[in-house]
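First the structure, in the form of structure tokens, and then the observations on it.
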Amino acid sequence: MSVALLEVRGLARSFGGLRAVQDVDLDVAEGSITGLIGPNGAGKSTLFNLIAGALVPSAGRIRLAGEDITGLPPHALFRRGLVRTFQIPRPFQRLTVAENLLVVPPGEGEERLLAAWLARGRLARREAALRRRVDEVLRTLSLTPVADQPAGELSGGQKKLLELGRVMMAEARLVLLDEIGAGVNRTLLAELAGHIERLNRAHGVTFLVIEHDMDLIARLCDPVVVMAEGRILTQGTMAEVRADPRVIEAYLGAKAAHAA
Amino acid sequence: MGLTLYATALLTMGGIYAVLTLGLNLHWGVTGLFNAGIAGFFAVGAYATALLTAPPGATPSGGLGLPVATGWAAAMLLSGALAWAIGKICLRLRSDYLAMATIGIAEILRLIVKNELWLTNGSRGIAGVPRPFEQLAQPWAELAFLLLVLAVLAIAYLLLETAVRSPWGRVMRAIRDDEAAAAAAGKDVAAFRLQAFVLGSMLMGLGGALSAHYFKYIGPEATQPLLATFLVWVMLIVGGSGRNAGAVAGAFLVWALWSATELLTNRLPPDWLTRAAYLRVFLIGFILQVVLQRHAGGVLPERTAVRRPGP
Ligand SMILES: Nc1ncnc2c1ncn2[C@@H]1O[C@H](COP(=O)(O)OP(=O)(O)OP(=O)(O)O)[C@@H](O)[C@H]1O
Ligand SMILES: [Mg+2]
């Protein structure tokens, strides 16, 4: 039995009267690629926002590698190795694509104002090394041709890729991917899945992945956690989850509600 | 001779405004902080240096007759300290709070300046603020002071340009573009913003100090929002928000235009003179519109500024 890198206990968050997340318990095993699926509005992204510190829970605790991280701000979580992407991409619009990646690694004091004035040689050397890493990530994501374009000008799919690029620039232990595949073409998506697997196997990065693309989930994720109406419905392998009548009902129920 | 003096005056004021506009560019153009009370930091800087460097007896509580450099240092320290206090409270809140807070503080400071006679002489202002090189003959005194202003401007420009192009500046621009994404990328948004807010405000305080020494006088009219806040915003937008060179160009350009409108309104018939003040503002607003129609990002736009709207 592997250790849980992320432990969520009794987590809840409401928006006005709407209980977006309620009483969620979730363990993400170190070294796993855990899937998180569920109908639209199930509360998946809200759960991510709670874990990543973008929202404060109304109840419950979150632990990362044994440390209680409930209520810590996002930048503090990043320092602990927790990195997330946004379902609706949030590029730094007026920075170039390359700058969007260069800005991620914090360095050791290189981001200080005084360093800008007093340590210009050191900054230039680090920048050159960083630039090589960025070029590699850009190549991986087929973004090299647009490297020096403002990120605000990217297509929808390219913005998704840039989100993933920021993850690749970070030294992450746990990565939360929110529908990274939506709007990305099949060929590239298969490549991305490959990169996620490589990061997982070779670098031991743990993933928690929201996806609507069941093929991708089936290929990457074990276990798969199912959410519906703010709660965890069940969890298991993709085959188990697929056969579970409650899961089928949750998806059909959501569809029926939409049709009505 | 008259022309030399006129050109010198124009460039000196342009240079002083350029220091203010560089400060605002760091706030708004680079970091996305909406400072609507530039006049407040200007006032702190101007009055700080006036009180320290004017001769004893300049106000009821006295000038101190200290060297000009001391006055400038105090101007920057005090406006920086004020910015730190405001920023500590407001920068964690939603961004519109900063706009409200800075307007409010600037207005409070203007009232203090007007009413605390023991300190500021109220509407009479503080006279006798020393101007470096004033003992030289005309026009050398004016030219020498102009060179001093341009030297200060050059140093400020170089320091800011280095900062904005460094990783520090890149973080600031990232925060400007998307606060939540910057936080998710590990940046302590509030801490970074505070640094930019303090540094930009120090420049505004320095601009106020330069102005007090240039006019050898500071009074409450100089801290009006129209002159010390609105005009600086026009300069930044016309010049090109996000780019230091744009901020400097905008300051000189708009100051020249603003002075030109005075030449125009001076020729108005006497019964129109009372209308001159708002006619000038209207003219400047009109020019702003014309420039923005042709150059959406200003005369010298930020280099990576999005050229066309996204999908
Ligand atoms: N900031 C917010 N304010 C108010 N309501 C919110 C907010 N964020 C989410 N919600 C609501 O919470 C519920 C869950 O939303 P969430 O985005 O977590 O769903 P999801 O499972 O990610 O759905 P999808 O698959 O469509 O992305 C929805 O009903 C949504 O309207
Ligand atoms: Mg979602």
Side-chain angles (χ1 to χ4, degrees), chain A residues 49 52-54 73-86 89-97 99-107 109-120 123-124 126-127 130 148-156 159 163 166-167 169-171 176, chain B residues 26 28-32 80 92 155-156 158-200 202 240-243 297 301-311:
Chain A
N49 283 330
H75 66 88
L77 296 174
F78 180 94
R79 268 180 231 142
R80 288 166 173 76
L82 193 159
V83 184
R84 61 89 57 98
T85 68
F86 293 93
R90 308 187 69 144
F92 305 119
Q93 308 252 2
R94 285 195 272 168
L95 266 58
T96 67
V97 171
E99 282 179 313
N100 264 269
L101 301 178
L102 285 165
V103 77
V104 174
E110 277 92 348
E111 278 175 356
R112 283 204 209 108
L113 178 56
L114 283 183
W117 292 328
L118 305 177
R120 297 179 61 181
L123 291 196
R126 179 209 180 224
E127 201 71 5
L130 214 52
D148 295 318
Q149 215 162 301
E153 292 182 355
L154 292 182
S155 75
K159 284 180 184 165
E163 286 281 324
R166 288 206 294 233
V167 168
M169 290 302 296
E171 270 151 35
L176 312 179
Chain B
L26 181 58
W28 174 249
V30 177
T31 318
R92 283 173 200 284
I155 293 169
L158 287 176
L159 285 177
L160 282 180
E161 193 61 14
T162 322
V164 169
R165 286 165 183 278
S166 75
W168 182 83
R170 193 161 56 206
V171 172
M172 294 300 169
R173 288 180 289 130
I175 290 172
R176 171 197 67 189
D177 285 359
D178 196 315
E179 176 183 348
K187 312 308 174 197
D188 186 344
V189 172
F192 275 107
R193 276 186 173 155
L194 188 61
Q195 294 169 24
F197 190 55
V198 168
L199 186 62
M202 288 171 78
S241 183
R243 187 156 160 199
E302 187 183 2
R303 284 196 197 84
T304 60
V306 177
R307 284 178 292 273
R308 40 177 199 274

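Because the structure is a prediction, the values reported are computed rather than measured. By convention in this document, chain letters (A, B, ...) are assigned in the order of the sequence lines, proteins followed by strands, and residues within each chain are numbered from 1.
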At their closest point, which heavy atom of [X] faces which heavy atom of [Y], and how far apart are they?
X: A:L123; Y: B:S166; answer: CD1-CB, 4.2 Å
X: B:A174; Y: A:F92; answer: O-CD2, 3.2 Å
X: A:R94; Y: B:E302; answer: NH1-OE1, 3.2 Å
X: B:G186; Y: A:R79; answer: O-NH2, 4.3 Å

- Tabulate, in ascending numerical order, the residues of residues 99-107 of chain A having at least one heavy atom closer than 4.5 Å to a heavy atom of chain B, or enter 'none'.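 So the qualifying residues are A:E99, A:L102, A:V103, A:V104, A:P105, A:P106.
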
- prompt: Relative to chain B, which segment of A:P89 carries a heavy atom at a distance below 4.5 Å: side chain, backbone, both, or neither?
  reply: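 Neither part, no heavy atoms under 4.5 Å.
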
Examine whether an atom of A:E127 lies under 4.5 Å from a heavy atom of chain B, and if so say whether it belongs to the side chain, the backbone or both; otherwise answer neither.
->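 Answer is side chain: those atoms of A:E127 sit under 4.5 Å from chain B.
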
Heavy-atom distance under 4.5 Å to chain A: side chain of [X], backbone, both or neither?
X: B:A182; result: both
X: B:L158; result: neither
X: B:R176; result: side chain

Atom pair OG1/CZ of A:T96 and B:R173 - distance to nearest 0.5 Å: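 Atom-to-atom, A:T96:OG1 and B:R173:CZ are 8.0 Å apart.
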
Next on the checklist: I need the B:R170 CZ to A:E110 CD distance, nearest 0.5 Å.
Outcome noted: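 The CD atom of A:E110 is 10.5 Å from CZ of B:R170, to the nearest 0.5 Å.
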
Discussion item. The criterion is ring-ring contact (aromatic ring centres under 6.0 Å, His included); which residues satisfy it with B:F197, sequence neighbours excluded?
Written reply: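 ring-ring contact (aromatic ring centres under 6.0 Å, His included) check on B:F197 returns B:H27, B:F41.
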
Distance-only donor-acceptor pairs under 3.5 Å for side chains of residues 112-120 of chain A, two or more places apart:
residue : atom : partner : partner atom : Å
A:W117  : NE1  : B:L159  : O            : 2.8

| said: Among residues at least two apart in sequence or on other chains, which ones pass salt bridge (charged side-chain N to carboxylate O under 4.0 Å, His left out) with B:D188? | reply: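 So B:D188 forms no salt bridge (charged side-chain N to carboxylate O under 4.0 Å, His left out) with any residue.
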
